[in-house]
Amino acid sequence: MPAIEVRGLHKRYKDTVAVEDVSLTVEEGEIYGILGRNGAGKTTTVEAVAGLRRPDRGEVRVFGLDPRRDRRVRQLLGVQLQEAALHSSLTVRELVRLHRSFHRDGADPDELIELVGLADRRRTRFEKLSGGQQQRLNIALALVGRPRAVILDELTTGLDPAARRHMWEAVAGLRDRGVTVVLVSHHMEEVERLCDRLALIERGRVAAVDTPDGLVARAGLDQVVRFRTRDPFDPALLDGVAEVRAVRTEDGLVTATGTGELLHAVSTALVTAGVAALDTTYRRAGLEDAFLALTGSPFDPASSYPASASSYLADDANREGTER
């Protein structure tokens with residue numbers, strides 16, 4: 001049974017369609033990334049998975065359970081959203097201990113505080129924490145119930161580079177313990193480093209799902225190998241190399257473009273021909289290049305779509321709270 005299944009999810013805020021026919025399957029024990037620009041529908045999707053937002057149509061299951069109707073999901077799924085309302089006068093340790101009391105089999109509060117790097121702030125009130133420290137506390141609260149799956153929405157927003165890498169190690173450790181992680185992010189290095197599979201979300205739709213390397217390969221983007229040789233180079237030496245699409249020589253610099261295992265293929269061909277390559281450089285297309293190729297628009301995490309649904313979120317959340 002998959003950890004999370006989303007089928008045909010649709011959500012509209014007045015005249016704005018935030019999510020349109022999104023379907024995802026997250027397998028148990030994997031880190032599954034959701035990547036997209038602001039307003040692409042990422043947060044609305046995971047809020048529906050968490051049971052915090054009612055979809056207009058579609059189906060969501062968490063370990064086979066409906067997150068809006070079955071309270072058992074709250075013991076199985078931990079959630080860290082971008083913004084959370086916490087009691088401002090309680091300390092870090094008091095908040096973690098309070099949330100621990102909601103679960104039958106929770107984690108040790110002090111161990112969690114140590115895990116997220118807040119040991120020196122355990123007696124600090126929430127209102128006195130920086131934005132990055134509040135983010136780390138929210139992560140601790142998402143993990144306090146020892147969930148089988150956890151949603152981490154913009155995990156490292158507001159964290160400095162050292163803290164960001166510390167959190168990456170912690171997330172990798174969750175996977176090692178069998179916890180399923182849904183990682184919502186616009187940080188390319190983060191998803192490339194952590195995610196087993198990744199969904200690209202564009203304008204409320206899933207543009208592609210694959211491993212990070214698989215998305216790059218699917219985009220069919222060229223890789224580039226550049227080198228020099230002591231003697232004049234004959235491009236015909238690479239004519240029979242299947243991975244090579246084109247070769248050009250300019251001022252003694254040879255540039256070969258292609259796909260697949262291009263560097264290995266070019267190196268093998270040169271060695272076979274007895275040609276020594278000098279000053280070799282290699283560039284492969286990255287996830288950002290693949291995003292552009294697969295969605296048709298450049299990836300700019302700071303940009304958002306016109307008439308964003310965000311202006312309707314508060315009203316919708318109020319209705320949700322009344323209904324529940």
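On a predicted model such as this, the values are computed, not experimentally measured, just so you know. We use all heavy atoms of the structure for the numbers below, so side chains are in, but hydrogens, waters and symmetry mates are not.
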Decide side-chain contact (heavy atoms from CB on, under 4.5 Å) for Thr280 and Val266; before the verdict, give the C-alpha distance in whole Å, the side-chain angles of both, and the deciding distance to 0.1 Å. CA-CA 11 Å; Thr280 302; Val266 169; over 6 Å; no
What distance separates Arg71 CZ from Leu76 CG, expressed to the nearest 0.5 Å? 13.0 Å
Residue pair Phe291 / Met188: nearest heavy atoms and the distance that separates them: CB-CE, 4.4 Å
Test item: Leu143 and Leu174 side chains (from C-beta on) under 4.5 Å apart, heavy atoms: yes
Verdict with supporting geometry, Val60 and Arg53, side-chain contact (heavy atoms from CB on, under 4.5 Å): CA-CA 11 Å; Val60 178; Arg53 200 162 299 283; over 6 Å; no
Side chains of Lys11 and Leu9: does their closest heavy-atom pair fall under 4.5 Å? no
Closest heavy-atom pair and its distance - Ala199, Leu24: CB-CD2, 3.8 Å
Can you name the nearest heavy-atom pair linking Val73 to Pro67, along with the distance? CG2-CA, 3.8 Å
In terms of heavy-atom contacts, Val206 and Ser23 come closest through CG2-O, 4.0 Å
Does any N or O in the side chain of Thr211 come within less than 3.5 Å of the main-chain N or O of Asp196, such that one atom is a donor and the other an acceptor? no
Please report the interatomic distance OG1(Thr295) to CZ(Arg205), rounded to the nearest 0.5 Å. 14.0 Å
Whether Arg164 and Glu190 form a salt bridge (side-chain N of Lys/Arg under 4.0 Å from carboxylate O of Asp/Glu) is what I want to check. no
What I'd like to find out is whether the side chain of Glu28 reaches to under 4.5 Å of the side chain of Phe63, using heavy atoms alone. yes
Closest non-hydrogen contact found for Leu155 with Met167 is CD1-CE, 4.2 Å
Enclosure of Arg97 CZ (heavy-atom neighbours >12, cutoff 6.0 Å): no
Using a 3.5 Å distance criterion without hydrogens, assess whether the side chain of Arg175 forms a donor-acceptor pair with backbone atoms of Leu194. yes
Quick one: are Pro147 and Leu77 in side-chain contact, heavy atoms under 4.5 Å? no
Would a 4.5 Å heavy-atom cut-off, applied to side chains only, mark Val96 and Leu118 as touching? no
Closest non-hydrogen atoms of Leu253 and Arg228, given as atom of the first, atom of the second and distance, are N-NH1, 3.6 Å
Is any side-chain N of the basic residue among Glu5 and Arg61 closer than 4.0 Å to the acidic one's carboxylate O? no
Heavy-atom neighbours of Arg7 CZ exceed 12 at 6.0 Å: yes
Straight-line distance of Leu81 CG to Thr43 OG1, nearest 0.5 Å: 7.5 Å
Can you tell me how far NZ of Lys42 sits from CD of Glu202, rounded to the nearest 0.5 angstrom? 10.0 Å
Apply the test side-chain contact (heavy atoms from CB on, under 4.5 Å) to residues His103 and Arg146: give CA-CA distance (whole Å), side-chain angles for both, the deciding distance (0.1 Å), then the verdict. CA-CA 9 Å; His103 301 275; Arg146 297 186 190 276; over 6 Å; no
Could you tell me the separation between the OH atom of Tyr282 and the CD atom of Gln223, rounded to the nearest 0.5 Å? 3.5 Å
Check the surroundings of atom CD in Glu127: do more than 12 heavy atoms from other residues, nucleotides or ligands lie under 6.0 Å from it? yes
Do NZ/NE/NH1/NH2 and the carboxylate oxygens of Arg226 and Glu250 come within less than 4.0 Å? no
Check ion pair Glu20-Arg12 (N to O, under 4.0 angstrom): no
For residues Leu137 and Val116, determine if any side-chain heavy atom of one lies less than 4.5 Å from a side-chain heavy atom of the other. no
Is the backbone N or O of Gly117 less than 3.5 Å from a side-chain atom of Arg136, with the two atoms forming a donor-acceptor pair by type? yes
Side chains of Phe233 and Leu238, heavy atoms from C-beta outward: is any pair under 4.5 Å? yes
Exam field: side chain Glu30 to backbone Glu27, donor-acceptor pair closer than 3.5 Å: yes
In this structure, OH of Tyr32 is separated from OG1 of Thr25 (nearest 0.5 Å) by 7.0 Å
